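Model, not experiment: these values are computed from the prediction.
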Amino acid sequence: MIGLFERLARPFLHALDAEEAHGLTIRLLTCAPLPRPAADDKRLAVRAFGLNFPNPIGMAAGFDKNADVPDALLRLGFGFVEVGTVTPKPQRGNPRPRVFRLNADQGVINRLGFNSQGAEAVLRRLARRADAGGVVGVNVGANKDAADRVADYVRLIEAFAPVASYVTINVSSPNTPGLRDLQQAAALDDLLARVIDARERVTQQAGPTPVLLKIAPDLSLNQLDDVVGIARSRRVDGMIVGNTTVTRPAGLREVKIAREAGGLSGRPLLPLATRMLAETSVRVESAFVLLGVGGIDSGAAALARIRAGASLIQLYSALIFRGLGLVSEIKAALIAALEREGLDRLTELVGADAASVTAEPWPQ
Ligand SMILES: Cc1cc2nc3c(=O)[nH]c(=O)nc-3n(C[C@H](O)[C@H](O)[C@H](O)COP(=O)(O)O)c2cc1C
C-alpha cells in the first residue's frame, strides 16, 4: 500500500519546491495509519553501544528535525531514527529557497542552517513517546548566535539524556558559520571533555546515554588523525561519517544548481563518504562503533559501507529519488549477501574491506 501510494505521490511531490514537498511528507506521516511492520530477520540485528537495533538501517538527521514522526519512521521499517538537529532556542535558519534537488545527479544541496523548533518543543514530543520503545537518537547543535557554543551542547546533553536512546554531537554542518571549526583539535578536545562530563553527571538519573560525534567528509587525513585520536581519548561511543560535503565532485550534470551554496548529499557524495568511512575505520581500530552515511542508494552501496567499516548505516537523500521501498530493498540485499557468504550475522562483514578501500585512488 505504502509503495503504491508513494509511486503515485512522487511525481506530485517532485513538482513542488523541495522544502514544501518535505513538509507535506512529514504531515502525511503524522496522520498515516501505519501498521506495525513484520519483525526483521534476526541476522540483521546489531548490538552497538549498549543498544539493540533490529536492523542496521537508520533515518539520518535532518529529515525529522523536530521529532514529529519518529514512530511512523520506525513503523516504515527503519531500525532506528535520528531526530534533529535540535538547537537550544528555536531558530528559523537561512532564507528560502534553501534546499535544491540535482535530479540528473540524484543529489541534494541544502543550506537550511539548523532551522529548529528548539529543545523545549522537541523534548515535549519525545517525552510523550518515551515508553514507545525503538531506538530514537537526538542530534544536537548550537544556536547560530550562541555566545558559548560548547555550553549549548552541554545544555542539550543534559536536557535530552533522559529521553534519547543516544545523542549525536553535530559539529559538521556546513551551514552555520564557524561550526565546523569545533572539529579542530584543541576546540574538539574541550568540547568532548565538557560533553562527556555532562553525560557522566546526568547518568545517575538518566542512565548511560551513548554520545556520538558526527564529522564532515571534508576533513583532511591529518585532521582525521586528530579527530579520531581525541574521540578515542575522550571515549565517545561512536562516530557518524559523515555530514554533507561542501565540495562539488567532478562530473556533476546539474552544473547550474551545483553552484548553489550549501552541503551536497546523495549519490555524488557516495565515493567520498565511503572512502572517509574506511579511513576512519582503520584509525579507530574498533575502539568504538562507526555509522556510515552519505549517498547510500542501493543494497550494494549499503553492503559496501558495512564492509568499509560501518556497523550501522543511515540514509536520507536517496529516499527522495528512490522512495521508502529502498529500506526493504537494502534489507533483502544484506540477507542475500549473508547467504552468499555463508555467514550468520551482518556484524561478521563489518570492516572486511576497510584497508583495501584506503589503498584505492582518492575519489574525484
Ligand atoms: C535536507 C537535508 C537536511 C539535513 N539536515 C541535517 C541536520 O539537521 N543535521 C545533520 O546532522 N545532518 C543533516 N543532514 C545530513 C544528513 O543527515 C546526511 O548526513 C547527509 O545528507 C548524507 O546522507 P545522504 O546522502 O543519504 O543524504 C541533512 C541532509 C539533507 C539532505
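- Side-chain contact between D190 and V150: present, with at least one pair of heavy atoms (C-beta onward) separated by less than 4.5 Å.
- Between the side chains of S172 and N243, a donor-acceptor pair is found at a separation under 3.5 Å.
- Counting all heavy atoms, side chain and backbone alike, I296 lies closest to L326 at O-CD2, 4.2 Å.
- Taking the side chain as every heavy atom from C-beta outward, I313 and I306 approach each other to under 4.5 Å.
- Using modelled atom types and a 3.5 Å distance limit, the side chains of T274 and R305 yield a donor-acceptor pair.
- Shown here for R180 and S173, the closest heavy-atom pair between the two residues is CG-O, 3.5 Å.
- Screening R101, R98, K65 for a salt bridge (Lys or Arg N to Asp or Glu O under 4.0 Å) with E19, the sole residue that qualifies is R98.
- Residue S298 comes nearest to A301 through the heavy atom pair OG-N, 3.0 Å, listed as atom of the first residue, atom of the second, then distance.
- Counting heavy atoms from C-beta on, the side chains of V86 and F160 come closer than 4.5 Å.
- Between the side chain of Y166 and the backbone N or O of D237 there is no donor-acceptor pair closer than 3.5 Å.
- In this structure, D225 pairs ionically with R283, as a charged nitrogen and a carboxylate oxygen lie closer than 4.0 Å.
- The side-chain heavy atoms of D226 and Q184, taken from C-beta on, include no pair separated by under 4.5 Å.
- The side-chain hydrogen bond (donor to acceptor under 3.5 Å, both in side chains) test with D297 singles out one residue from R322, R267, Q106, and that residue is R267.
- For the atom pair CZ (R43) and OG1 (T347), the distance works out to 12.5 Å, reported to the nearest 0.5 Å.
- When L312, D40, L346 are each tested for a side chain to side chain contact (heavy atoms under 4.5 Å, CB included) with N55, only one passes: D40.
- Listed for the D64 side chain is no donor-acceptor partner under 3.5 Å among the backbone atoms of V83.
- To the nearest 0.5 angstrom, I215 atom CD1 is 10.0 Å from Q223 atom CD.
- Looking only at atom types and distance, the side chain of N94 has no donor-acceptor partner in the side chain of R111 under 3.5 Å away.
- At a threshold of 4.5 Å between non-hydrogen side-chain atoms, the residues L252 and P268 count as touching.
- Of the options V327, I335, L334, a side chain to side chain contact (heavy atoms under 4.5 Å, CB included) to K331 is made by V327 and by none of the others.
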